[in-house]
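We use all heavy atoms of the structure for the numbers below, so side chains are in, but hydrogens, waters and symmetry mates are not. We number each residue from 1, following the sequence as shown.
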Amino acid sequence: MGASESGPGQDSDEEARRRLNAYTYLSAPERLEHVAIMRVFCGTLLADLAVPDIMVKLRQAGTFAAGLDADTLTVRLEQLVAWGNLLRSSRTVNASSISEYQRSRSRYQLSKLGERIQRDADGVLTEADAAREVSNELLALVERGLRELADLVTAPGGVEPQDGLERISTLFVQFAEFADSIRDFYAYLGQVLSRYDLDSAEYQGFKELLLDYVEAITEDVAFRAPRISAALDTLWPHIPALLDRLDSHAQGLNGISTQAQSESRPDIRIQRSRGREFADWEGLRGWFSNTDGQGSQVDQLRDATLRALQSLLANAKRMLRSATGGMSRRKDLLRLARWFDEAAPQDAHDIAVAAFGLYGARHLGIPPATDEVVPAYTSWWTGPVVEVPVALRERGSRAQRGRASAVEDHSAQKRLLREAARQRAAARAAAADELRSASGRFADVRLTSAALGLLLELLATALGNAQLSRPVSTDGERTAGFDLESASSEDAELRIRLTVRRTAGTRTMLYSADGDLLLDDLELDIGRTSAAVDGEAEASVS
């Protein structure tokens, strides 16, 4: 097909290709330099700059492109002109010399398409990963503005053109800001919930975000959507007449386009303010009502919230599985992949061995029973078979599977034992006090069972520690019996001391609840331990 046979479809394709070429500088190898240059032009209105001016501004900004020389900067500027981001300036150059003319003759200014793309790119670079708050308060302003506008339009005489123009412009600016914030927030939410490596802290934060913030958004939208739809239904029959009345009052740039068409001049494309075209009202109505059978944006918002909750439940299930041993290893695998990418070949082999256990083949032996000892020269092919446990054969581990049993709580038993020990100590202390008070008058008191038991315990210890010797007669010869030179025992904890002395013809009678005990030739003396002994006992305890 020749150039004369090209149709409107090809023209639109060529226009789309031209506009898409303006995005090329964002993916070119020198994209950081291109972005710095475009920011210089976007920093001022109607910027008309030459190469020296741009070099000064780049150095002042201290950006990545601050070190570019004039020739390199000129190449970058010409490339931006070819892509459609910059335009050559038609400004007349007044120069006093040829060198000044050569420096100043190439001046550049920003194209509308280039300014729009750079503004969007800066927004992506600065705010792409942030969670944007939803301007929920604007929805209430949209509802109020539509109701007030409907009341004015349906009133006798209608709305004043200037008042209607101000109300419509405000209304659509508020709605556009609200809709943009909704889209940005749910895009961020979808990006977060698509991850499968959330830890417990991140999961808790996003759970609160969903259950609290998203719920508040959807409830507010669901509450105000019917009211906004009702106001639009009231206003809808009057919109065409209202737009015609506004155009007759203030045509704006649309008047220039109409005049150009009437004079058969090339068409000037005009992008009108929001709300000045009937299509803008159709988009507003379609956001809150199902006008085309494909569902409203409110319905899509409700569906998106349900999908977000489903993703939250999927993450909850994954975390529950991870608690039982099936946790995601995405972060670990990504870190391991980075190590492989940055390692030298030999280091990569070592990492693989350490990470996956890919060692050389090794023989594993299980000791047989003691009555089946096999000589070392017996081949494995012909030797007896050793029974391998199922756990070791299937999992390669002898560890027991399943949940470990809980540690048994012995606090009650310990408490009972401590109480019993305390009672025994108190009973022994009372028995010691009883013995000390009865010392020297055993014939007049009746001892308790505890006191008698403690006394017999001390007596047995004293007799065991006694030193026996043969008595010497008057003629110097030893007699047949033994004398008890000294016998004593004590309990440092109870602070009681028993001294036993042998005295011929002495009879000591002990009366108790368990019976009476007669001691021949023995005298008993019970007292407290000495201060020195007490101090040694306390020092040993400390």
remark   = When rounded to the nearest 0.5 Å, the distance separating CZ of R39 from CG of L58 is 11.5 Å

message = side chain to side chain contact (heavy atoms under 4.5 Å, CB included) for I217 and I182? Distances and angles first, verdict last.
response = CA-CA 9 Å; I217 294 172; I182 282 283; 3.8 Å; yes

Enclosure of E160 CD (heavy-atom neighbours >12, cutoff 6.0 Å) = no

inquiry  = Set out, in order, the CA-CA distance, both residues' side-chain angles and the distance that settles side chain to side chain contact (heavy atoms under 4.5 Å, CB included) for D347 and W339, then state yes or no.
reply    = CA-CA 9 Å; D347 295 335; W339 290 348; over 6 Å; no

query = Going through the checks in order, is the side chain to side chain donor-acceptor pair (under 3.5 Å) test met by T74 and D71?
reply = CA-CA 5 Å; T74 302; D71 295 335; 5.4 Å; no

ask   = With a cut-off of 6.0 Å (strictly less than), are more than 12 heavy atoms of other residues, nucleotides or ligands near CZ of R224?
value = yes

task = Answer yes or no: is there a side-chain heavy-atom contact under 4.5 Å between L49 and K57?
result = yes

task = Salt-bridge test for D341 and R338: reply yes if a basic N is under 4.0 Å from a carboxylate O, no otherwise.
result = no

key: pair Q174-E177: side-chain heavy atoms closer than 4.5 Å   = no

task = Find out whether P240 and L243 are in side-chain contact, i.e. whether some heavy atom of one side chain is under 4.5 Å from a heavy atom of the other.
result = no

message = Rounded to the nearest 0.5 Å, what separates atom CG in D122 from atom CD1 in I117?
response = 12.0 Å

inquiry  = As an exercise, state the distance from CD1 of I228 to CZ of R144, rounded to the nearest 0.5 Å.
reply    = 12.0 Å

inquiry  = Using 0.5 Å steps for rounding, measure from the CD1 atom of I37 to the CD atom of E33.
reply    = 7.0 Å

ask   = What ring pair (Phe, Tyr, Trp, His ring centres under 6.0 Å) pairs are there with at least one residue in residues 154-173, not counting sequence neighbours?
value = F172-W281

message = The test is side chain to side chain contact (heavy atoms under 4.5 Å, CB included); show your working for I168 and D280 and say whether it passes.
response = CA-CA 11 Å; I168 290 175; D280 298 334; over 6 Å; no

ask   = Is any side-chain heavy atom of L87 closer than 4.5 Å to a side-chain heavy atom of V81?
value = no

request  = Could you walk me through whether V153 and T234 pass the side chain to side chain contact (heavy atoms under 4.5 Å, CB included) test, one step at a time?
outcome  = CA-CA 10 Å; V153 170; T234 304; over 6 Å; no

task = State, with a plain yes or no, whether a side-chain heavy atom of L86 is found less than 4.5 Å away from one of M38.
result = yes

task = Locate the shortest heavy-atom distance separating V51 from L77; write the atom from each residue and the value.
result = CG2-CD1, 3.9 Å

query = Where is the tightest heavy-atom contact between Y23 and R19, given as atom of each residue plus distance?
reply = CD1-O, 3.8 Å

note = Nearest heavy-atom contact between L149 and L235 is CD2-CD2, 3.8 Å

task = For residues L141 and T170, determine if any side-chain heavy atom of one lies less than 4.5 Å from a side-chain heavy atom of the other.
result = no

query = Between R18 and E14, is the closest basic N to carboxylate O distance under 4.0 Å?
reply = no

request  = Taking S111 for its side chain and G84 for its backbone only, find out whether a donor-acceptor pair lies under 3.5 Å.
outcome  = yes

Side chain to side chain donor-acceptor pair (under 3.5 Å) partner of Y25, chosen from Q79, Q118, E30 = Q118

query = From Y108 OH over to L80 CG, what is the distance, rounded to the nearest 0.5 angstrom?
reply = 9.5 Å

task = For residues R415 and R418, determine if any side-chain heavy atom of one lies less than 4.5 Å from a side-chain heavy atom of the other.
result = yes

note = To the nearest 0.5 Å, atom CZ of F340 lies from atom CG of L333 at 10.5 Å

query = Once the angle between the rings of F175 and W287 is folded into 0 to 90°, is it parallel (under 30°), tilted (30 to 60°) or perpendicular (over 60°)?
reply = perpendicular

query = Should R335 and D332 be marked as a salt bridge (Lys or Arg N to Asp or Glu O under 4.0 Å) after you check the CA-CA gap, both sets of side-chain angles, and the distance that decides it?
reply = CA-CA 5 Å; R335 186 183 301 109; D332 297 335; 3.2 Å; yes

query = Quick one: does R31's side chain have a donor or acceptor within less than 3.5 Å of a partner on A28's backbone?
reply = yes

request  = Assess whether salt bridge (Lys or Arg N to Asp or Glu O under 4.0 Å) is satisfied between E115 and K112, documenting all intermediate values.
outcome  = CA-CA 5 Å; E115 188 274 337; K112 178 182 182 298; over 6 Å; no

request  = Could you tell me whether the side chain of S181 and the main chain of F178 form a donor-acceptor pair under 3.5 Å?
outcome  = yes

ask   = Does a side-chain heavy-atom distance below 4.5 Å link E143 with F288?
value = no

query = How close do R285 and L232 get, heavy atom to heavy atom, and via which atoms?
reply = CA-CD1, 3.7 Å

inquiry  = To check you understand the geometry: which heavy-atom pair defines the closest contact between A150 and A231, and what is its length?
reply    = CB-O, 4.2 Å

query = Any idea which heavy atoms bring N21 and T24 closest together, and the distance?
reply = O-OG1, 2.7 Å

